[in-house]
Amino acid sequence: MTQDAPGGPATRNDDEQDDHRVDDQNAQSARTAQDEPGVDEPGAGGPGADGKRDGAPEEPVRATARLEKAVRAAEQALIEFEIAVETFRVEVENFSRLHHQKLGPMYSRLDELDALIAEARAARSGDPEDLRKAREARAAVMPMPGVEELFHGWIDSEGLSAEAAAMLTDRPVQPPKRVRPTDEARRLYRELARRAHPDLAQEDEERARREAFITRVNAAYGRGDEELLRELTREWEAGPAPEETRLGETEELYARLEWLARRKELLTVVAQDLEESAIGAMLRMAPDDPDRLLDEIAEQLLTQVAERESELAALVQ
């Protein structure tokens, strides 16, 4: 799921990018605050009102407080980054599925027309090279079946498909209606992710509860199901109140910061992989309205189909 920092998905809206940059700057400021001397603060080691230096025992307390503040800021920044990564992942996945669903038949029709055109040319010329091209074009129309075809869409390259999982768990099959969920769905999702994120848990049992809940939140967001997101919001509010966790000693705080940094590095790799994928590259062409991009591609394919049909008609006359 999420934080905000360099390396995050490039297709976020400008206001989200600005929020992420601010969060990162705040996290960095908080992180470095632990090393600042705090010369303007009372008791920061300077002379007190009586001309004596303030008590040294207070220094570790203030240093730990600053370090704890840095950890809290880093946690929130990581959550925001995970939100950005997850929302982009949903768009990549939805675009891929809708691209296949809406445009797949057009690509198949183009392949068939290319084969028919090549075969018509070969029949006219009898040239061995034309015959070879015709065989290759026909082979492209009938490729070896992939995993999806062999298992009739129940299993894809990522494992059990969303539709198959829904059927096996008696949930309704709800393919995405659009690439990018509505603004309201995005708002509900972001609020839930900030409140229920597993990284906010310190105990294993609480973390497991949050992970199971966030999995349901992610699935609802992927389908753009606003009503289910509202139900999940009510469910979370009616559940056990999150305990206010106090972080431990300085060593534990530093260990927590190191874990957050490693988690950020892993998420950065995920974000880069998404952006560099073929679908991610297509989404960068239309960051404001990826659904419109599907319509534009469909229009281009329809034009190509019409051109191929005219060319075939001229060859078979």
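What's counted below: heavy atoms across the whole structure, side chains too, no hydrogens, waters or symmetry copies.
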How many angstroms lie between atom CG of Asp289 and atom CG of Leu293, to the nearest 0.5 angstrom?
-> 9.0 Å
Does the pair Glu226/Arg186 count as a salt bridge with the N-to-O cut at 4.0 Å?
-> no
Chi angles and distances behind the side chain to side chain contact (heavy atoms under 4.5 Å, CB included) call for Arg187, Asp183 = CA-CA 6 Å; Arg187 183 190 68 79; Asp183 290 343; over 6 Å; no
Would Glu299 and Arg292 satisfy salt bridge (Lys or Arg N to Asp or Glu O under 4.0 Å), going step by step from the backbone distance to the final call?
-> CA-CA 11 Å; Glu299 292 171 3; Arg292 176 56 189 162; 3.7 Å; yes
Give a yes or no on whether Leu131 and Leu315 share a hydrophobic cluster (residues Ile, Leu, Val, Met, Phe, Trp, Tyr; joining criterion: side-chain heavy atoms under 4.5 Å apart).
-> no
Euclidean distance, Asp225 CG relative to Arg216 CZ, rounded to 0.5 Å | 12.0 Å
Glu237 and Arg234 ion-paired at < 4.0 Å | no
Would the Tyr107 and His100 ring centres measure less than 6.0 Å apart?
-> no
Indicate yes or no: does Glu112 engage Arg138 in a salt bridge with an N to O separation below 4.0 Å.
-> yes
Paired with Gln272, the side-chain contact (heavy atoms from CB on, under 4.5 Å) test is passed by just one of Thr268, Val270, Leu274, namely Thr268
Can you tell me if Arg284 uses its side chain to pair, donor with acceptor, with the backbone of Glu275 under 3.5 Å?
-> yes
Salt bridge flag under 4.0 Å for residues Arg207 and Glu203 | no
Nearest non-hydrogen partners of Arg124 and Ala314, listed with the distance = NH2-O, 3.6 Å
Below 4.0 angstrom, N of the basic side chain to O of the carboxylate: do Arg230 and Glu184 qualify?
-> yes
Any idea which heavy atoms bring Val141 and Asp111 closest together, and the distance?
-> CG2-O, 3.2 Å
CD (Glu205) with more than 12 external heavy atoms under 6.0 Å = no
When rounded to the nearest 0.5 Å, the distance separating CZ of Arg195 from CD1 of Ile214 is 11.0 Å
Lys133/Glu136 ion pair, N-O < 4.0 Å = no
Check side-chain contact (heavy atoms from CB on, under 4.5 Å) between Ala208 and all other residues, then give those that pass, not counting sequence neighbours.
-> none
Would Arg180 and Asp291 pass as an ion pair if we require N to O under 4.0 Å?
-> no
Could you tell me whether Glu311 and Arg308 make a salt bridge, using a distance below 4.0 angstrom between a side-chain N and a carboxylate O?
-> no
Would you mind reporting whether Pro240 and Arg209 have side-chain heavy atoms less than 4.5 Å apart?
-> yes
At their closest point, which heavy atom of Asp130 faces which heavy atom of Arg121, and how far apart are they?
-> OD2-O, 4.2 Å
Give, for atom CZ of Arg72 and atom CG of Leu67, the distance between the pair rounded to the nearest 0.5 Å.
-> 11.0 Å
Could you tell me which non-hydrogen atom of Val71 sits nearest to which non-hydrogen atom of Leu253, and how far apart they are?
-> CG2-O, 3.6 Å
Roughly how far, to the nearest 0.5 Å, is CD of Gln304 from CD of Gln300?
-> 7.0 Å
Heavy-atom side-chain proximity of Glu309 to Arg109 below 4.5 angstrom = yes
Phe213 versus Val217: any side-chain heavy-atom pair under 4.5 Å?
-> yes
Taken to the nearest 0.5 Å, the spacing of Gln101 CD from Ser96 OG works out to 11.5 Å
Residue pair Ala74 / Leu260: nearest heavy atoms and the distance that separates them | CB-CD1, 3.7 Å
Show your working on side chain to side chain contact (heavy atoms under 4.5 Å, CB included) between Leu200 and Gln76 and close with a plain yes or no.
-> CA-CA 9 Å; Leu200 294 175; Gln76 291 303 315; 3.8 Å; yes
For the pair Glu252 and Arg256, find out whether any cationic side-chain nitrogen is under 4.0 Å from an anionic carboxylate oxygen.
-> no
Residue pair Pro181 / Val179: nearest heavy atoms and the distance that separates them = CD-O, 3.6 Å
Tyr221 vs Tyr189 aromatic rings, parallel, tilted or perpendicular, using cut-offs 30° and 60°?
-> parallel
Scan side-chain atoms only and decide if Glu191 and Thr233 contain a donor-acceptor pair under the 3.5 Å cut-off.
-> no
Hey, does Met282 have a side-chain heavy atom less than 4.5 Å from the side chain of His99?
-> yes
